[in-house]
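Step one of this worksheet: look at the structure below.
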Amino acid sequence: MTCLKPEGKTPGGKTAKGMDFNAYDEMAPRHAEKTPAELRNGGRVKSQAAVPTGVYRPNNNIQTPDMRSPEYVQMSTAAAITLGIMTGKMYRCDCTRCLNLLLTYPEGCRANCAYCGLARHREADRDYADRNFIRVDWPAVPVADIVEKVAADGENTPFHRMCISMITHPNSDADTVSVLKAWTDRIDPATVPVSILSNPTTMTRDDVATLHGLGADIFTVALDAATPTLFDRTRGKGVQSPHTWKKYWEILNDARDIFGKEKFGAHLIVGMGESEHDVISVIQELRDMGGHSHMFCFFPEKGSLMDHLPATPRDQWRRVQVARYLIDYCGARIEHMSFDEHGRVSDYGLPKAELDGIIDTGLPFRTSGCPGKFQEDISACDRPYGDSPPSNIASFPFQPNKTDLRKIRRQLGIPKTVN
Ligand code: SF4
């Protein structure tokens, strides 16, 4: 078993129009086929009503059982390998440091985000628990078994963090509370802190406060799209999805008030049609609020409404990675950077020697996300190969070595100064 998907989609150096970035006009989602009535809302799983019998491995040629949170959650392939629930190897990684959990229901996520493998339109071809998400399968496991295993490891757990990913479902607010309580009843949040990847569409400020009161450490909003127009096109009205930019920012502001500085953040996907200036402006805004941005490189997820589009060219992605690291951890500001007529970073406003030193640490190119126990700027949430194939890594789930850094510098177009 492996967490790696055999896929040939790697970013080109240039897009169809000869640009080295994914421009808005080229990144339109495709339209979804109509779902037959009997397959809507988890129809196949509910009509078959197969009883779950413990761990369910996706796409295993058996009827997908009727599994539901809070009794069941899904976990990333990397987490399942680390926990010993699945066998397998990850390219250049021994384990993941984040136990990423995902609420699960036969009805699945009721939103329809264009870039997401979990989107509602997929009920036409795949039961929810069998859908790929950030390029990997997510086996379903009883929550009680997960808690038991992690509690048994005590201080020796490999995990530096646990994360509950909510989805858009009428029960997800209450079930997130149940899963969090089941965890904190047995596991000290000081040993394994908990992040909440929220679903603002169904939440109120009181819900945010409840999760904080129950011991959640970091609260995150998956903004994903960097501008209101792009948000609407990819996860709002443009794809018959219920999310709005306004509601997402409302809950993000609630998170700032309730969780406080350094304890909230937002996911952003780079390369869906925004300019580099657009996304770096949001990164700066989040930092000014006291939070952090957790970045993903756009990858055309199989089965999604953007699966026909190009992955983000690596030079665009690397430029934004560097800018994000400088703003989040080095005190740099967008006002000190320069941009060209396409909004691409043309200068970071730093002496070359200083920039060289920061690039050489490799830290800007590691997966960004909620911190673990190593240091503030190293994410526990390393999401191995969640946004690229291992043949052309976007977010490094490990420390890049000298060979990796040479490739990164070529992608950035910033050769090292030789004295
Ligand atoms: S970055 Fe944080 S909130 Fe986002 S998936 Fe990882 S642990 Fe969860």
Side-chain angles (χ1 to χ4, degrees), residues 1-4 54-57 69-104 134 136-165 176-197 211-212 214-220 262-263 265 294 362-363 366-386 395-401:
M1 192 69 200
T2 168
C3 72
L4 307 181
V55 176
Y56 172 73
R57 289 174 183 77
S69 293
E71 286 77 28
Y72 271 79
V73 288
Q74 291 174 245
M75 68 170 66
S76 68
T77 297
I81 291 172
T82 304
L83 207 54
I85 282 172
M86 283 168 75
T87 55
K89 279 193 183 309
M90 293 180 280
Y91 177 68
R92 293 175 68 185
C93 306
D94 294 334
C95 65
T96 178
R97 296 292 177 187
C98 190
L99 178 55
N100 291 87
L101 306 180
L102 178 69
L103 297 188
T104 191
I134 59 169
V136 297
D137 290 336
W138 289 64
V141 185
V143 169
D145 293 4
I146 300 169
V147 169
E148 189 59 45
K149 266 181 173 293
V150 177
D153 284 345
E155 296 279 336
N156 297 324
T157 178
F159 295 112
H160 290 194
R161 182 165 291 277
M162 183 273 264
C163 176
I164 308 173
S165 295
T176 300
V177 167
S178 301
V179 172
L180 179 58
K181 276 185 178 157
W183 180 270
T184 52
D185 277 354
R186 295 285 311 281
I187 297 158
D188 184 349
T191 305
V192 186
V194 178
S195 290
I196 304 290
L197 177 54
L211 294 168
H212 184 250
L214 288 170
D217 176 52
I218 291 181
F219 187 97
T220 298
E262 307 297 323
K263 295 294 183 185
H294 306 156
L363 295 173
R366 293 187 67 151
T367 311
S368 58
C370 300
K373 294 177 181 169
F374 296 130
Q375 57 189 64
E376 270 304 294
D377 53 356
I378 295 182
S379 175
C381 184
D382 40 24
R383 308 186 295 275
Y385 314 110
S395 299
F396 281 80
F398 49 80
Q399 179 62 25
N401 63 23

Notebook entry, point to check: So, Arg383 and Ser76: side-chain donor and acceptor under 3.5 Å apart, yes or no?
Noted result: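 The answer is no; no qualifying pair exists.
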Note to self: Under a 3.5 Å threshold, yes or no: a donor from one side chain and an acceptor from the other, between Asp382 and Thr96?
What the structure shows: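 Distance-only check passes for Asp382 and Thr96.
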Just how far is it from atom [atom1] of [X] to atom [atom2] of [Y], taken to the nearest 0.5 Å?
| X | Y | atom1 | atom2 | result |
| --- | --- | --- | --- | --- |
| Leu103 | Thr176 | CG | OG1 | 4.5 Å |
| Ile196 | Ile218 | CD1 | CD1 | 11.0 Å |
| Trp183 | Ile146 | CH2 | CD1 | 8.0 Å |
| Arg57 | Asp137 | CZ | CG | 11.5 Å |
| Ile378 | Phe398 | CD1 | CZ | 13.5 Å |

Next item on the list: Please lay out, stage by stage, how Leu83 and Val150 fare under the test side chain to side chain contact (heavy atoms under 4.5 Å, CB included).
Entry: CA-CA 8 Å; Leu83 207 54; Val150 177; 3.9 Å; yes
Are more than 12 heavy atoms from other residues, nucleotides or ligands located less than 6.0 Å from atom [atom1] of [X]?
| X | atom1 | result |
| --- | --- | --- |
| Asp185 | CG | yes |
| Glu155 | CD | no |
| Glu262 | CD | yes |

Can a donor-acceptor pair be found, under 3.5 Å and without considering hydrogens, that links the side chain of [X] to the backbone of [Y]?
| X | Y | value |
| --- | --- | --- |
| Tyr385 | Ile134 | no |
| Ser379 | Cys370 | yes |
| Thr157 | Asp153 | no |
| Thr104 | Ser69 | no |
| Arg97 | Pro158 | yes |
| Lys263 | Ala216 | no |
| Arg186 | Glu148 | no |
| Thr82 | Cys95 | no |

Item checked: Given Leu99, Asp217, Leu180, the one that forms side-chain contact (heavy atoms from CB on, under 4.5 Å) with Val194 ->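 Of all the options given, the one that passes is Leu180.
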Please name the pair of heavy atoms, one in [X] and one in [Y], separated by the smallest distance, quoted to 0.1 Å.
| X | Y | value |
| --- | --- | --- |
| Arg161 | Val192 | C-CG1, 3.6 Å |
| Cys98 | Cys381 | CB-CA, 3.5 Å |
| Pro142 | Val55 | CD-N, 4.2 Å |
| Thr191 | Gly154 | CG2-O, 4.1 Å |
| Pro139 | Met86 | CG-SD, 3.4 Å |
| Phe159 | Lys373 | O-NZ, 4.1 Å |

Can you check whether [X] reaches [Y] side chain to side chain, under 4.5 Å on heavy atoms?
| X | Y | answer |
| --- | --- | --- |
| Met162 | Asn100 | no |
| Asp145 | Lys149 | no |
| Leu197 | Ile164 | no |
| Val136 | Pro384 | no |

